[in-house]
Amino acid sequence: MIPRVTATDKTIELINELIIENGPLIFHQSGGCCDGSQPMCFPADEFKIGYSDVQLGEIGGVPFWMSGDQYEYWKHTQLTIDVVDGRGSSFSLEIPKGKRFIVKSRLFKDDEVNNLVEISRLED
């Protein structure tokens, strides 16, 4: 199965560091503009997933969720989460470290579309 979301080695290293410092984590990418459309990392117990959110998969053992509206725009792409130097203006856990998570994307090829990891949603 082809993952919908992947991460660079640098991202996995930072995720591991954040897990040591904060415990279980969650990623969420909402809609909106600017930093609101970037992936954000939170302590798992401090972010509430909504019923319209979809889980694309996991990176570094951390669930990666996206708002349903945003997913409609990105569903034809594979996301790679990377990390760069520089402070964003969000509440994401990496910001105080002078880092920020960013998204790189590529369109799925026609022969990949039928082999994608299934998305999941919260159950009632």
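Residues Thr80 and Thr8 form a side-chain contact, since some pair of their non-hydrogen atoms from C-beta on lies under 4.5 Å apart. Residues Phe27 and Val5 are not in side-chain contact: their nearest non-hydrogen atoms beyond the backbone lie 4.5 Å or more apart. Taking 4.5 Å as the limit, every side-chain heavy atom of Arg121 sits out of range of all side-chain heavy atoms of Tyr51. Looking at heavy atoms from C-beta onward, Trp74 lies in side-chain contact with Val103 at the 4.5 angstrom threshold. The shortest distance between side-chain heavy atoms of Gln78 and Phe108 falls below 4.5 Å. Ile119 has its side chain within reach of Arg4: a pair of non-hydrogen atoms, C-beta onward, lies under 4.5 Å apart.
For Arg106 and Glu112, the salt-bridge test passes: some basic side-chain N is under 4.0 Å from an acidic carboxylate O. A salt bridge is defined here as a Lys NZ or Arg NE, NH1 or NH2 lying under 4.0 Å from an Asp or Glu carboxylate O, and Lys97 with Glu21 meets this definition.
The cluster map of Ile, Leu, Val, Met, Phe, Trp and Tyr, joined by side-chain heavy atoms under 4.5 Å apart, puts Leu79 and Ile2 in different clusters. Side-chain heavy atoms closer than 4.5 Å link hydrophobic residues (I, L, V, M, F, W, Y) into clusters, and following such links, even through other members, never connects Leu25 to Ile95.
A donor-acceptor pair is defined here as one N or O able to donate and one able to accept, closer than 3.5 Å; no such pair exists between the side chain of Asp53 and the backbone of Ile49. Panel note: side chain Thr77, backbone Ser105; no donor-acceptor pair is recorded below 3.5 Å.
Counting heavy atoms of neighbouring residues, nucleotides and ligands inside a 6.0 Å radius, atom CG of Asp69 does not exceed 12 of them. Heavy atoms of other residues, nucleotides or ligands lying less than 6.0 angstrom from CG of Asp110 number 12 at most. Shown here is Asp111, whose CG atom has more than 12 heavy atoms of other residues, nucleotides or ligands within 6.0 Å.
In terms of heavy-atom proximity, Lys104 sits nearest to Asp82 at NZ-OD2, 2.8 Å. In this structure, Cys41 and Ser92 approach most closely via the heavy-atom pair N-OG, 2.7 Å. Residues Leu93 and Pro96 come closest through the heavy atom pair O-CD, 3.3 Å.
In this structure, NE2 on His76 lies 9.0 Å from CG on Leu107, to the nearest 0.5 angstrom. Annotation: the span from Ile26 atom CD1 to His28 atom NE2 amounts to 7.5 Å, rounded to 0.5 Å. The line from CD1 of Ile15 to CD of Glu94 is 10.0 Å long, rounded to the nearest 0.5 Å.
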- [ ] List the steps, then state whether salt bridge (charged side-chain N to carboxylate O under 4.0 Å, His left out) holds for Lys99 with Asp85.
- [x] CA-CA 5 Å; Lys99 306 282 185 190; Asp85 292 331; 2.5 Å; yes
- [ ] Go through the steps for Gln38 and Gln29 under the test side chain to side chain contact (heavy atoms under 4.5 Å, CB included), then give the verdict.
- [x] CA-CA 6 Å; Gln38 293 300 312; Gln29 184 172 335; over 6 Å; no
Open item on the list: Let's go through Ile102 and Ile81 carefully: what are the C-alpha distance in whole Å and the side-chain angles of both, what is the deciding distance for side chain to side chain contact (heavy atoms under 4.5 Å, CB included) to 0.1 Å, and is it a yes or a no?
Closed with: CA-CA 6 Å; Ile102 62 167; Ile81 310 306; over 6 Å; no
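Remark: Phe42 pairs with Phe47 by the ring pair (Phe, Tyr, Trp, His ring centres under 6.0 Å) rule, at least two apart or across chains.
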Output side-chain donor-acceptor pairs under 3.5 Å for residues 55-67, partner residues at least two apart or in another chain, one line each.
unit_1, atom_1, unit_2, atom_2, d
Gln55, OE1, Ser120, OG, 3.4
Gln55, NE2, Gly57, O, 3.2
Ser67, OG, Gln70, N, 3.3

